[in-house]
Amino acid sequence: PASIDADLIDLAGGVDAIVTRAREKQAQGENVQALQLLDILLPAHIGAAGVREVAADAHRALADESENFWLTSWLNHQIKSLELTG
């Protein structure tokens with residue numbers, strides 16, 4: 001699937017358009033969908049404006065909702081990784 005990420009980014013209107021839609025999804029509580037959109041940008045565009053921020057926010061929201069220790073630990077690890085890449 002990653003071999004067509006550049007095509008999907010182009011078709012969606014660019015990196016900013018995907019980040020904007022991911023922010024909208026995250027704001028609506030659709031955190032998994034926001035992360036799925038951002039998966040298209042990661043890791044090639046992790047430095048693009050908003051990518052790490054929205055991804056970390058979505059992971060935080062999912063961690064807050066989680067009642068599963070292992071899932072929460074994995075989400076917290078992802079958050080730290082996103083913060084460290086900034």
Side-chain angles (χ1 to χ4, degrees):
S3 66
I4 63 163
D5 284 353
D7 294 315
L8 293 173
I9 292 167
D10 247 5
L11 290 167
V15 172
D16 292 339
I18 294 172
V19 171
T20 298
R21 181 59 60 93
R23 278 186 209 274
E24 292 168 357
K25 293 287 187 184
Q26 201 273 324
Q28 296 168 357
E30 297 175 356
N31 296 294
V32 172
Q33 293 87 343
L35 291 171
Q36 289 172 326
L37 286 167
L38 295 172
D39 280 347
I40 297 167
L41 302 178
L42 299 169
H45 299 281
I46 195 162
V51 172
R52 283 189 314 270
E53 175 189 341
V54 177
D57 287 347
H59 280 91
R60 279 187 202 94
L62 290 170
D64 289 346
E65 297 169 0
S66 175
E67 295 180 9
N68 180 301
F69 171 80
W70 299 109
L71 176 60
T72 303
S73 295
W74 180 83
L75 290 164
N76 286 328
H77 173 75
Q78 293 300 104
I79 294 164
K80 285 183 183 179
S81 295
L82 288 162
E83 292 172 345
L84 290 175
T85 58

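When reading the values below, keep in mind they use all heavy atoms of this one structure, side chains included, and skip hydrogens, waters and symmetry mates.
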Rounded distance [0.5 Å steps], [atom1] in [X] versus [atom2] in [Y]:
X     : Y     : atom1 : atom2 : answer
Gln33 : Lys25 : CD    : NZ    : 6.0 Å
Arg52 : Leu41 : CZ    : CG    : 12.5 Å
Leu8  : Ile40 : CG    : CD1   : 5.0 Å

Polar side-chain atom of His77 near backbone of Ser73 as donor-acceptor pair, under 3.5 Å: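 Side chain of His77 to backbone of Ser73, a donor-acceptor pair under 3.5 Å: no, none is there.
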Donor-acceptor contact present, side-chain Asn76 to main-chain Thr72, <3.5 Å: yes
With sequence neighbours excluded, residues passing side chain to side chain contact (heavy atoms under 4.5 Å, CB included) with Arg60: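 Listed in chain order: Ala56, Asp57, Ile79, Glu83.
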Partners passing side chain to side chain contact (heavy atoms under 4.5 Å, CB included) against Leu71 (at least two apart in sequence or in another chain): Ser66, Asn68, Trp74, Leu75
Min side-chain heavy-atom separation His45-Ile18 under 4.5 Å: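 No, side chains not in contact.
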Sub-4.5 Å side-chain heavy-atom contact between Leu35 and Leu62: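 With C-beta onward as the side chain, the pair touches.
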Shortest non-hydrogen separation from [X] to [Y] and the atoms involved:
X     : Y     : answer
Arg23 : Gly50 : NH2-CA, 3.5 Å
Ala22 : Ala34 : O-CB, 3.4 Å
Val15 : Ala48 : CG1-CB, 3.6 Å
Ala17 : Ala12 : CB-O, 3.3 Å

Arg21, CZ atom: more than 12 neighbouring heavy atoms under 6.0 Å: no
